[in-house]
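For reference, the structure is listed below as C-alpha cells.
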Amino acid sequence: MPAVDSADAATWVVLGRTEDGVAAALLDAEGVELGRRALTANGRLEWIARVEADAAPRWVWHDTPAWYAELLAAGIRVARCHDLRLCHAILRDSSLVHDDAGLRAARQWDAAALVDAVAGAPALFEIEADTAAGPTTLPDRLEDALAEFARQRRAAAAASEPGRLRLLLAAESAGALVAAELRAAGLPWDAAVHDRILTEVLGRRPAGGGNPARVDELAARVRDALGDPSASLDSQPKLLRSLHRVGVLVESTSKWELAEQRHPVIAPLLEYKQLMRLLTANGWTWLSEWVHDGRFRPVYVPGGVVTGRWASSGGGALQLPRRLREAVRADPGWLFVVADVAQLEPRVLAAMSRDTALADAARGRDLYAGVVAAGAVTTRSEAKIAMLGAMYGATTGDSGRLVPRLRRTFPRAMALVDEAARTGEDGGVVRTWLGRTAPAPSLQWSAAQSQATEAQASQADETRARRWARDRGRFTRNFVVQGTAAEWALAWLADLRTRLADMAPVGAQDAAPRSGPAFATRPHLAFFLHDEVIVHTPAARAEEVAEAVRASAAAAGRLLFGDFPLDFPLDLRIAPTALKE
DNA sequence: GTTATAGGCGCG
DNA sequence: AAAGCGCGCCTATAAC
C-alpha cells in the first residue's frame, strides 16, 4: 500500500491504532483504499487539521469522544464523521437491514458507550501499543475500524431503504460531534447567581455542615405537626407511618397524593421535600463538582436512550430544574439564542402519517389550538392531554376518554400509533421514520406470551401476559413518535452546527476565552435538550444566529419529510440568560 | 464494607 | 388531578 501525502482525493479517512501508534487510511467514495499514512506524535494534529481544511473528508473512527476531545482541545473542528460504534448499533438492530455483511456477528462492536470523559480517561493518542484492550473497550485498531466500516457500508447498501438509513447514520454521527463540542464549550454558568438562588430558597448555607436555615425551619414545622420531635422525614416508610399516626391516610408519600390531603403537616412537608430536592440534586455540592471556570460541562450520551434520544451521564444535564436557568449567563458582550420547538412530537406524527388534517391543525404556532379549531375537543387543555394520551397509550382518566375523539378527527395519525401499539403487543418490531428499530421482546416476555396460550395456563399467567403485552404496546406506540422526533432534532442540530461554523469569526477583543480555543470567536451550541437548543453568541451576531436556528428547523423538516406541508415553529428569544418567560 | 433496588422527583 | 412514554440522580434500605 503506497504511503500518501495528499488526502485531496479521499472521501473517507479512517483513523485507528497500529503497532507503532496511530495511522490513517484514505478511502475514495467507493470505499477503495487509496493509501495509508502513519501519524507521528509530532505531526498528527497538524496533519489532521490540514486534511480537514483542504479536503474536509468524513473522518471514520471507532468512538467520537475518544478521538475528537483531543482535537477540540487543540482547536481543531471537523465538519463530518462516521462513528462506528453508534452506526453499528443502528445497523445491527434495524429491521431495514438484511444482514448479508455479518454485522450482527461482529459482537466486539456491541460494547456500551465508552466511559468516561469526566474522569479524564486517557485520550486515544496517549494510548501506547502495548496497552491491552480490556473486554469493555471497543476495538480501536485501524484494521478493526476498516473491517467494521466495510461491513457497515455493505449492510447499508443492501438495506431496504438505504437512503433513509444513511441519513440516520450521518445524523447520528453529527450528533456525536455536537455532543463532544457541547462538552468542550460548556454552558456558561454564573456560580454567584446559582449561590444567590440557593441562599434565597434554602437559606444561608451553614459553615459547619448540616442543613440550611429554611430547611431546618420547615423540618421543625413538619415535626411539630406530626407531634413527634424526632420524626424522620427522609425515610419514606418512617414518614408514611408518622403520617398515618396523625390521621393522614395516604398510600405513598409522593407529592401528588399528599397534595390531596387537608392537614397542617401537608404544606410544610411539600415545601420541605421541594427544598431538599434542590439541595441534594443541584445544591452547593453539585455546583462545586460540575461548574468550573464559569462553565457547566455535562456529559452527553448520544443515542443513549433506546428511542435515539440522548441521555446524560453525570451532571444531570437533562434534568436541570427550571428555577436554576437564571444562573445560565452569557459572557460579557455575548448573548444566548434560546429556541425550542412547539409541540414537536405531534407535528412529527402528522408528517409521518401524512395526516393533512393534523398538519392543518398544526399550521399556526399552537397545534393544540388547531386541534380545538378542528372540532376534536373543546378546550386547549383537553387537546393537550388527549394528544399526549394518544402518543403514550392512555386508557383511563380524562386522557383515555378523550383519545377516541382524536381518532375521529385525525384518523391517519391515530392509525399510525395504534398500529405501532398493535405490532408491539403482538411481539413485532417497529421502526422510526429513518429506520431506528425498537428492540425485539425479551425472551422472558415471549415465554410469558406463549405460556399464556397453553391449555394449562392459569388465570394469573394470562393476566400477566396481557399486562406485559399492553406494556410493550405502549412502548412501541411511543417509540415511533419519540424516536422520529429525536431524528428531527438531530437533523436540526447537524444543520445548525454547520451554519454556525460557516459564520465569520468576530474580532479577538470580543472573544469568550473560557469556552476554549475552538469556540472563542464564533457562535457555538451551548446546550441541547430533546427539542431545545441554546446558542452562545457574540451579541453582534445574535440576530444572524436566530435566523440560522429558524432556517435549520425548516431544513430539518424538509430533510426528513420532503415537501409535506408542515411547520416546525420555534419559541425563540435572544437574552443574556436562559430564563424562560 | 459494597452493590442493588425502590421510592421519589427533576427534565422532555 | 394523573395517567400514558422516555430518562438520571438522590436517599434510604435490603441484600450480599
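In what follows, chains carry the letters A, B, and so on, assigned in the order in which the sequence lines appear, proteins first and then strands, with residues in each chain numbered from 1.
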**Message:** Using a 3.5 Å distance criterion without hydrogens, assess whether the side chain of E487(A) forms a donor-acceptor pair with backbone atoms of L434(A).
**Reply:**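 Indeed, once roles are kept as given, a pair shorter than 3.5 Å links the two residues.
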**Request:** Could you tell me if the ring centre of F561(A) sits under 6.0 Å from that of W433(A)?
**Result:**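 F561(A) vs W433(A): aromatic centres under 6.0 Å.
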**Message:** Is the distance from the ring center of W286(A) to that of W189(A) below 6.0 Å?
**Reply:**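 Ring centres of W189(A) and W286(A) closer than 6.0 Å.
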**Message:** Could you tell me if R466(A) sits above the aromatic ring of W468(A), with its cationic atom closer than 6.0 Å to the ring centre and no more than 45 degrees from the axis?
**Reply:**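 Verdict for W468(A): no cation-pi partner in R466(A).
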**Message:** Does the Lys NZ or Arg CZ of R472(A) fall within the cation-pi geometry relative to W445(A) - under 6.0 Å from the ring centre and within 45° of the axis?
**Reply:**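 Judged by the rule, R472(A) and W445(A) form a cation-pi pair.
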**Fill in**
Going 5' to 3' through nucleotides 8-16 of chain C and flagging B where a protein heavy-atom sits under 4.0 Å of the base, S where only the sugar-phosphate is that close, and - otherwise, we get BSS-SS---
**Request:** Go through DNA chain B in 5' to 3' direction and return only the first and the last nucleotide with some atom under 4.0 Å of chain A's heavy atoms.
**Result:**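 Extent of the interface on DNA chain B: dG7(B) to dG12(B).
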**Request:** Using the criterion of both pairing distances under 3.5 Å for Watson-Crick and G-U wobble pairs, give all stems of 3 or more consecutive pairs involving DNA chain C.
**Result:**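 Stem segments, range with range: B:1-12 with C:5-16.
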**Request:** Give a yes-or-no answer on whether the side chains of E181(A) and Y68(A) include a donor-acceptor pair shorter than 3.5 Å.
**Result:**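 There is such a pair (donor and acceptor under 3.5 Å, judged by atom type) between the side chains of E181(A) and Y68(A).
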**Message:** Parallel, tilted or perpendicular, judged at 30° and 60°: which one describes the rings of H530(A) and F528(A)?
**Reply:**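 Rings of H530(A) and F528(A): perpendicular, over 60°.
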**Message:** Below the 4.0 Å mark, does dC7(C) have OP1 or OP2 next to a side-chain nitrogen or oxygen of R309(A)?
**Reply:**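 No, outside the criterion.
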**Message:** Within a 6.0 Å radius of atom CD on E200(A), are there more than 12 heavy atoms belonging to other residues, nucleotides or ligands?
**Reply:**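 Yes, because the 6.0 Å sphere around CD of E200(A) holds more than 12 heavy atoms from other groups.
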**Request:** Before giving the answer on side chain to side chain contact (heavy atoms under 4.5 Å, CB included), spell out for R214(A) and E217(A) the whole-Å C-alpha distance, their side-chain angles and the decisive distance to 0.1 Å.
**Result:** CA-CA 5 Å; R214(A) 291 261 299 127; E217(A) 280 167 37; 4.2 Å; yes
**Asked** Salt-bridged, R297(A) to E289(A), with N to O below 4.0 Å?
**Response**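 Salt bridge absent between R297(A) and E289(A).
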**Message:** Both W256(A) and N478(A) contact DNA chain C. Which one's nearest nucleotide lies toward the 5' end?
**Reply:**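 It is W256(A), whose closest nucleotide lies nearer the 5' terminus.
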**Asked** Want to settle it: does V306(A) or K255(A) sit nearer the 5' end of DNA chain C, counting the closest nucleotide to each?
**Response**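 Result: K255(A).
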